[in-house]
Amino acid sequence: QQLAEVKQLYNEKYPLDHVDAVDQEVGRDADGMLWVKYEGQGLRPVHKLECMLAEVRDAYNAKYPLDHVDAVDQEIGRDADGMLWVQYSGQQSTSHESRMERLEHKLKEVKTLYNQRYPLDHVDVLDQELGGDADGMLWVKYVGQGLSASQRLSQQLAEVK
């Protein structure tokens, strides 16, 4: 009871340093800048996401052996009497377009899982890069085109005036 009260008081006083958040640490550097250190599995564990997705697929296939998750040419269900049925929609070889659609769907699934797990490092944001320095400080680098041509010309015109 008292421990819960102490934790609640601490979390109210220091909202950025939640007492139960064991994978992060909050502090200040010599200049007084506030920083948050995150510890985890690394910056881009796409391989781990693929392994986790494979584990989920394997578990689903083990639990429902008749409804294989990758079997796009069959559908399983039950009728009003509870009779199990399987509908096959073709036996021909899979077309290139169909395989590409499945791969694109899997890629979208992996990207969604990655973005949920690492919201600061969105997989589709190409103009920023998430990293860390030698001290373990997390940083975000933004990359861009700089000033556009019209902005540069306006700036040069202002300098001439």
Intermediate values then yes/no, side-chain contact (heavy atoms from CB on, under 4.5 Å), E109 and H105: CA-CA 6 Å; E109 248 182 280; H105 178 72; 3.5 Å; yes
K106 and R57: CA distance, side-chain angles, deciding distance, side-chain contact (heavy atoms from CB on, under 4.5 Å) verdict: CA-CA 12 Å; K106 288 179 185 180; R57 289 174 185 266; 3.5 Å; yes
Acceptor/donor pairs from residues 76-84 side chains to any protein atom, 3.5 angstrom cut, sequence neighbours excluded:
residue, atom, partner, partner atom, Å
R78, NH1, G82, O, 2.8
D79, OD1, D81, N, 3.0
D79, OD1, G82, N, 3.1
D79, OD1, M83, N, 2.8

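Taken together through direct or relayed side-chain contacts under 4.5 Å among Ile, Leu, Val, Met, Phe, Trp and Tyr, L53 and Y114 form part of one hydrophobic cluster.
Q116 has its side chain out of reach of K111: every pair of non-hydrogen atoms, C-beta onward, lies at least 4.5 Å apart.
The structure places CG of L113 at 12.5 Å from NZ of K108, a figure rounded to the nearest 0.5 Å.
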